[in-house]
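One-based numbering, in listed order, for ligands and for the atoms of each.
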Amino acid sequence: MELIDGKKVSGDIKKEIAAEVAEMMAAGKKQPHLAAVLVGHDGGSETYVAAKVKACEECGFKSTLIRFEADVTEAELLATVDKLNNDADIDGFIVQLPLPKHISEQKVIEAIDYRKDVDGFHPINVGRMSIGLPCFVSATPAGILELLGRYGIDTKGANCVVLGRSNIVGKPVASLMMQKGNPGNATVTVCHSATKNIKEICREADIIIAALGSPEFVTEDMVKEGAVIIDVGTTRVPSTVTKSGWKLKGDVDFEHVAPKCSYITPVPGGVGPMTIVSLMKNTLLAAKKVIY
Ligand code: GUN
């Protein structure tokens, strides 16, 4: 069993990005600039946005954090999106999700100029991704493919089971894994809450990508000997041993599943760090104006 070290790979990529940014700056180009909009004080969102700002520093990017209280109106938020769309110094920006219930996430996503949508959530980016055109691919699926590629995992013709059908992970990763390419070219099955026989389907999988948000859903009896396991789950569960009082739990029962695998991602330190570095890669692409 080999552990897929997302922390190490993401560190390597950040160094590659920083070297490229240093070259760009030496050539007199503008410093890449990412803005993040954070609404309210959700613990997870605070942590993710802080990590994104820190990653910008490590990559040599400029970053701007725009904060609103949870009672911000949809109109105010849309006005900020409009301002960022029209700010020539901002190469790309994200609006951290989830948003408070009184704001339509879809409306906000669709208001973002797709050329600055480094999250890859805008329907133009999602559509272009699904037909294999250059676009901003959303960060978690891009990070998963990057890990499979860097570890030389052969996905061609593999039976890949995706657990979960979210717009952010399940759907796009299924689409990328079935596309012609490397990684890609897999035979993909997507399982969700209405799927019958999930255990049997998983037992046939060469690769399982678990993105349900259900701690330890994937158990030993669901995994074939030698399978590759990608765990996207990051549920906060109470803990008596951490200072914060919680720890992250993946969608896979790591302790019992890991011995059966050829490769497995840990939680934390697997997919999570890759998500942030994929956002940095998209920001660099946006700054270089190579996609749009
Ligand atoms: N919330 C959870 N994941 C993400 C992400 O990748 N981008 C944004 N904007 N919000 C999120």
Side-chain angles (χ1 to χ4, degrees), residues 6 10 13 34-56 61 63-68 70 72 74 77-78 80-81 84-85 90-101 103-126 129 135-147 164-173 175-176 209-214 230-236 248-251 267-268 270-286:
S10 69
I13 297 173
L34 174 72
V37 180
L38 175 59
V39 178
H41 298 274
D42 173 77
S45 294
E46 293 265 6
T47 308
Y48 291 132
V49 170
K52 289 169 187 179
V53 169
K54 181 165 168 270
C56 281
F61 298 169
S63 68
T64 299
L65 174 58
I66 300 166
R67 300 195 67 130
F68 289 103
V72 65
E74 188 178 270
L77 197 55
L78 290 171
T80 297
V81 167
L84 293 168
N85 283 341
I90 304 277
D91 297 297
F93 66 97
I94 63 155
V95 178
Q96 188 65 28
L97 305 178
L99 292 172
K101 292 272 177 288
I103 298 173
S104 159
E105 287 186 353
Q106 200 53 35
K107 211 162 165 182
V108 171
I109 288 168
E110 290 189 37
I112 297 172
D113 184 332
Y114 66 92
R115 293 164 299 187
K116 293 192 176 188
D117 168 40
V118 285
D119 257 333
F121 292 169
H122 192 285
I124 290 181
N125 281 310
V126 176
M129 182 214 60
C135 64
F136 295 118
V137 176
S138 60
T140 304
I144 292 169
L145 266 77
E146 183 89 42
L147 283 178
R165 55 176 159 184
S166 70
N167 290 342
I168 294 184
V169 187
K171 279 182 203 149
V173 83
S175 178
L176 292 168
I209 301 174
L212 301 143
S214 176
I230 305 292
D231 189 349
V232 189
T234 51
T235 308
R236 286 182 172 193
L248 288 182
K249 262 258 180 275
D251 286 349
V267 175
V271 174
M274 292 303 295
T275 295
I276 290 170
V277 94
S278 297
L279 175 67
M280 300 298 118
K281 281 180 83 169
N282 278 348
T283 304
L284 183 61
L285 291 172

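For ligand 1, the atoms lying closer than 4.0 Å to a non-hydrogen atom of Phe121 are 5 (C), 6 (O), 7 (N), 8 (C), 9 (N).
The nearest non-hydrogen atom to atom 6 (O) of ligand 1, considering only Leu38, Val108, Thr140, Asp119, comes from Asp119.
The CG atom of Leu99 sits 11.0 Å away from atom CD of Gln106, with the distance rounded to the nearest 0.5 Å. Considering CD1 of Ile94 and CG of Leu279, their distance stands at 5.5 Å, rounded to 0.5 Å.
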Leu248 and Arg236: CA distance, side-chain angles, deciding distance, side-chain contact (heavy atoms from CB on, under 4.5 Å) verdict
CA-CA 5 Å; Leu248 288 182; Arg236 286 182 172 193; 4.0 Å; yes
Please determine whether side-chain contact (heavy atoms from CB on, under 4.5 Å) holds for the pair Val95 and Glu105, giving the CA-CA distance in whole Å, both sets of side-chain angles, and the decisive distance to 0.1 Å.
CA-CA 9 Å; Val95 178; Glu105 287 186 353; over 6 Å; no
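Contact annotation: Glu105 has no heavy atom less than 4.0 Å from any atom of ligand 1.
By the 3.5 Å distance cut-off applied to N or O atoms, Ile94 is not counted among the residues near ligand 1. Between Pro98 and ligand 1, a contact under 3.5 Å exists for no N or O pair. Residue Thr275 has no N or O atom closer than 3.5 Å to an N or O atom of ligand 1.
In terms of protein heavy-atom proximity, atom 10 (N) of ligand 1 is nearest to Leu97 N, 2.9 Å. Protein heavy atom closest to atom 11 (C) of ligand 1, with residue, atom name and distance, is Gln96 NE2, 3.3 Å.
A distance-only check finds a donor-acceptor pair linking the side chain of Asp251 to the backbone of Leu212 [under 3.5 Å].
Within the 4.5 Å cutoff, the side chain of Leu38 has heavy atoms near those of the Ser45 side chain.
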